[in-house]
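Chain naming here is simple, since letters A, B, ... match the order of the sequence lines and numbering starts at 1 in each.
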Number of protein chains: 2
Amino acid sequence: MAAGTNSLELVVLGLLKEQDMHGYELKKRMTESLGLIMHVSWGSLYPALARLEAKGAVKAVEAKPAIPNIPMTGSLGGERAVFRTSSDGLRGARNKKVYGITDIGSALFYQMLNDEREIDEKGFAVRLAFASHMDPEKRLKMLKDRRDLILEKVRSSRRSADKRRFAFEPYVELVLEHFRSTNTSDLAWIEELIRKEASSMQRPNTEFLVSQDIQDNINS
Amino acid sequence: MAAGTNSLELVVLGLLKEQDMHGYELKKRMTESLGLIMHVSWGSLYPALARLEAKGAVKAVEAKPAIPNIPMTGSLGGERAVFRTSSDGLRGARNKKVYGITDIGSALFYQMLNDEREIDEKGFAVRLAFASHMDPEKRLKMLKDRRDLILEKVRSSRRSADKRRFAFEPYVELVLEHFRSTNTSDLAWIEELIRKEASSMQRPNTEFLVSQDIQDNINS
DNA sequence: TTTCTGTTATATCGGCTTGATATATCGAAA
DNA sequence: TTTCGATATATCAAGCCGATATAACAGAAA
């Protein structure tokens with residue numbers, strides 16, 4: 001089931017590996033930093049967190065009802081009023097729920113990252129972004145797989161363009177041509193990455209390799 | 001409801017405007033010709049057709065149980081055996097259901113095409129592909145809106161990149177840089193299109209404008 | 001002081017897409 | 001004759017998106 005590895009869960013785990021965060025913070029980080037790469041909606045983020053929590057991959061570290069720095073206005077009732085935990089337990093409007101990654105989550109992160117199933121554009125971008133946590137062979141393989149996939153897409157598009165004798169409407173041709181050129185330049189970029197990876201694997205200790213925690217890697 | 005205009009329905013209507021087709025043929029056309037632009041799965045295509053049919057935008061033109069050219073083997077039972085319409089009516093395994101577009105569908109096509117709501121990458125590509133059916137002002141507006149959107153995305157990404165004093169992991173920076181450059185080149189492409197559109201609007205009769213059926217346009 | 005507004009924060013819903021799978025027909029090759 | 005691959009339609013569980021609801025809180029305006 002679970003068609004291919006879920007990029008969103010991968011990103012969430014990747015970010016939580018850096019530091020504990022609550023949902024809102026996660027989304028902020030994603031849109032501010034990775035906004036060009038991916039895009040998250042509330043309707044997928046919170047269910048994703050819930051899923052990860054159910055799997056034991058993350059757990060609520062801290063659930064503070066946002067006690068502000070109490071200004072010294074004398075004692076106005078002791079513990080600062082009711083903790084109105086809104087009907088069902090921990091959550092509540094402004095009651096932050098800060099998540100942390102568990103060992104299970106860390107293992108899941110590496111397992112998802114090294115999953116060799118075919119990936120789409122977004123999946124590729126996300127994995128590459130976290131590629132410093134992959135081991136070099138897998139990383140190289142991922143790049144080559146992606147290259148082959150794009151190559152085949154472009155070729156097949158050109159093939160079927162050559163096959164038909166007539167041209168489509170001019171705007172269709174326009175768009176197709178642009179997509180072919182975008183893919184071609186993606187291809188060149190990936191080729192360059194492959195070249196660098198390959199050469200830094202021959203002589204290690206290059207700063208292009210940024211792997212320190214790779215041995216934690218759990219290959220399911 | 002119906003968050004923004006549905007690109008898939010737009011494409012289906014656009015293709016059916018050219019000629020009647022059944023689902024399988026539609027998917028073939030889409031993946032062969034527009035494969036670089038979009039991607040359709042069975043699980044969305046058939047429901048989309050059903051939706052369009054329910055709206056009266058398309059209708060089954062012909063539902064032939066695939067009678068092959070009868071080879072003259074004398075009379076072997078008359079009308080060529082049972083039409084096993086598989087349990088519930090018209091459909092059945094190889095019983096093609098050929099769809100045609102209706103007047104309502106044609107109106108819907110123009111309405112969706114000219115919908116000015118904010119669109120994502122895919123939505124933009126699809127609309128641009130059918131842009132010969134838009135009127136020139138809307139087309140130009142769409143291009144400018146898209147340009148502004150990308151411009152803002154890139155700027156905001158650069159802004160938040162400049163703001164933080166430290167760099168992310170090298171692979172993240174790598175990916176971000178690539179996306180910025182992709183977006184920048186998209187931007188240049190769109191600027192060029194805008195330039196051409198604008199100049200062909202000043203002096204009409206340029207072959208860059210391919211509008212003949214624009215007056216059918218129904219602006220809801 | 002109170003009110004109003006904008007940001008922080010979590011959650012849910014309907015509608016749609018996806019990838020997988022099931023079913024069945026047909027033509028042609030083996 | 002059987003087998004195989006292409007044609008053809010359909011459905012399902014999971015997941016995502018955009019919209020919307022709810023509420024706490026900070027600070028400015030009134």
Side-chain angles (χ1 to χ4, degrees), chain A residues 1-9 11 21-28 38-54 60 63-69 71 80-99 117-120 122-123, chain B residues 1-9 11 21-28 38-54 60 63-69 71 80-99 117-120 122-123:
Chain A
M1 31 216 96
T5 287
N6 182 326
S7 313
L8 177 52
E9 294 184 9
V11 172
M21 270 183 276
H22 54 265
Y24 192 81
E25 235 174 320
L26 275 164
K27 173 156 174 161
K28 249 182 121 180
M38 68 177 310
H39 171 263
V40 199
S41 65
W42 299 122
S44 51
L45 179 56
Y46 284 108
L49 278 169
R51 253 161 20 229
L52 288 171
E53 193 174 25
K64 59 168 80 166
I67 304 182
N69 49 344
R80 188 156 190 83
V82 203
F83 286 174
R84 186 202 22 73
T85 41
S86 167
S87 77
D88 59 338
L90 265 178
R91 291 153 298 97
R94 192 64 175 277
N95 297 13
K96 294 197 243 182
K97 193 173 177 187
V98 178
Y99 290 96
R117 263 169 297 187
E118 204 171 282
I119 47 180
D120 59 9
K122 192 178 108 186
Chain B
M1 35 218 87
T5 287
N6 181 325
S7 312
L8 176 53
E9 294 184 9
V11 172
M21 270 183 277
H22 54 264
Y24 192 82
E25 234 174 320
L26 274 164
K27 172 154 177 169
K28 248 183 122 181
M38 69 178 309
H39 171 263
V40 198
S41 64
W42 299 120
S44 52
L45 179 57
Y46 285 108
L49 279 169
R51 251 155 28 226
L52 288 171
E53 193 174 25
K64 59 168 78 166
I67 304 183
N69 48 344
R80 187 157 190 83
V82 203
F83 285 175
R84 186 201 23 73
T85 39
S86 170
S87 76
D88 60 338
L90 264 178
R91 290 156 296 94
R94 193 64 176 277
N95 295 14
K96 294 197 242 181
K97 193 172 177 188
V98 178
Y99 291 97
R117 264 169 296 188
E118 205 171 281
I119 48 180
D120 58 10
K122 193 177 107 186

Engineer: Which of these nucleotides, C:dT8, D:dC17, D:dT9, is closest to any side-chain atom of B:K97?
Structural biologist: D:dT9
Engineer: Where the side chain of A:W42 is concerned, which of D:dC16, C:dA9, C:dT12 is the nearest nucleotide?
Structural biologist: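 Minimum distance to the A:W42 side chain belongs to C:dT12.
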Engineer: Please determine, for the side chain of A:R51, which listed nucleotide (D:dT11, D:dT9, D:dC16) has the closest atom?
Structural biologist: D:dC16
Engineer: Quick one: closest heavy-atom pair of A:W42 and A:P47, and the distance?
Structural biologist: O-CD, 3.7 Å
Engineer: The side chain of B:S44 is closest to which nucleotide in this list: C:dT17, D:dT11, D:dC16?
Structural biologist: C:dT17
Engineer: Report the residue (B:P47 or A:L45) whose heavy-atom-nearest nucleotide on DNA chain D is the more 5′ of the two.
Structural biologist: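 First, find each residue's nearest nucleotide; the 5'-ward one identifies B:P47.
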Engineer: Does any pair with a residue in residues 43-54 of chain A pass salt bridge (Lys or Arg N to Asp or Glu O under 4.0 Å), and if so which ones, sequence neighbours excluded?
Structural biologist: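 Qualifying pairs: A:E9-A:R51, A:E53-A:K97.
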Engineer: Nearest to the side chain of B:N6, heavy atoms from C-beta on, is which of C:dT17, D:dC16, C:dT8?
Structural biologist: C:dT17
Engineer: Counting heavy atoms from C-beta on, name the nucleotide in D:dT11, C:dT10, D:dT9 closest to the side chain of A:K96.
Structural biologist: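 That would be C:dT10.
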Engineer: A:G23 near the nucleic acid: base, sugar-phosphate alone, or nothing, with a heavy-atom cut-off under 4.0 Å?
Structural biologist: sugar-phosphate
Engineer: Where is the tightest heavy-atom contact between B:L45 and B:G23, given as atom of each residue plus distance?
Structural biologist: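 Here B:L45 and B:G23 meet closest at CD2-O, 3.4 Å.
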Engineer: Can you work out whether B:G43 or B:D120 has the more 5'-proximal nearest nucleotide on DNA chain D?
Structural biologist: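 Checking each residue's closest nucleotide, the 5'-ward one belongs to B:G43.
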Engineer: Rounding to a whole Å, what distance do you find between A:M21:CE and C:dT8:P?
Structural biologist: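 It is 15 Å, rounded to the nearest whole Å.
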Engineer: Taking the side chain of A:H39 as its heavy atoms from C-beta onward, which of D:dT9, D:dC16, D:dC17 lies nearest to it?
Structural biologist: D:dC17
Engineer: Tell me: CG of A:L49 to C1' of D:dC16, nearest whole Å?
Structural biologist: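 These atoms are roughly 15 Å apart.
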Engineer: Rounded to whole angstroms, how far apart are CD on B:E25 and P on D:dT7?
Structural biologist: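 After rounding, the reported distance stands at 10 Å.
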Engineer: What pairs meet the salt bridge (Lys or Arg N to Asp or Glu O under 4.0 Å) rule with one or both residues in residues 40-49 of chain B, with sequence neighbours excluded?
Structural biologist: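 Salt bridge (Lys or Arg N to Asp or Glu O under 4.0 Å) check on residues 40-49 of chain B returns no pairs.
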Engineer: Expressed in angstrom and rounded to an integer, what is the separation of A:K27 atom NZ from D:dC16 atom C1'?
Structural biologist: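 Rounded to whole Å, this separation is 12 Å.
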Engineer: Between C:dT10 and A:Y46, is there an OP1 or OP2 to side-chain N/O distance shorter than 4.0 Å?
Structural biologist: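 Answer yes for this pair, as a side-chain N or O of A:Y46 is under 4.0 Å from OP1 or OP2.
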Engineer: Please state how far atom CD in A:E9 lies from atom C1' in D:dA14, giving the value in whole angstrom units.
Structural biologist: 11 Å
Engineer: Quickly work out the B:M38 CE to C:dC16 P distance and round it to whole Å.
Structural biologist: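 Spelled out: CE on B:M38 to P on C:dC16 is 14 Å.
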Engineer: A side-chain contact here means heavy atoms from C-beta on lying under 4.5 Å apart; do B:L26 and B:L49 qualify?
Structural biologist: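 Side chain of B:L26 against side chain of B:L49, heavy atoms only: contact under 4.5 Å found.
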Engineer: Of all the nucleotides listed (D:dT7, D:dA8, C:dT7), which has the minimum atom distance to the side chain of B:K28?
Structural biologist: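 The answer is D:dT7, which lies nearest to the side chain.
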Engineer: Mind calculating the distance between OH (A:Y24) and P (D:dT22) to the nearest angstrom?
Structural biologist: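 Result: 19 Å.
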Engineer: Just the rounded figure in Å: distance from C1' of D:dA19 to CZ of B:R117.
Structural biologist: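 These atoms are roughly 12 Å apart.
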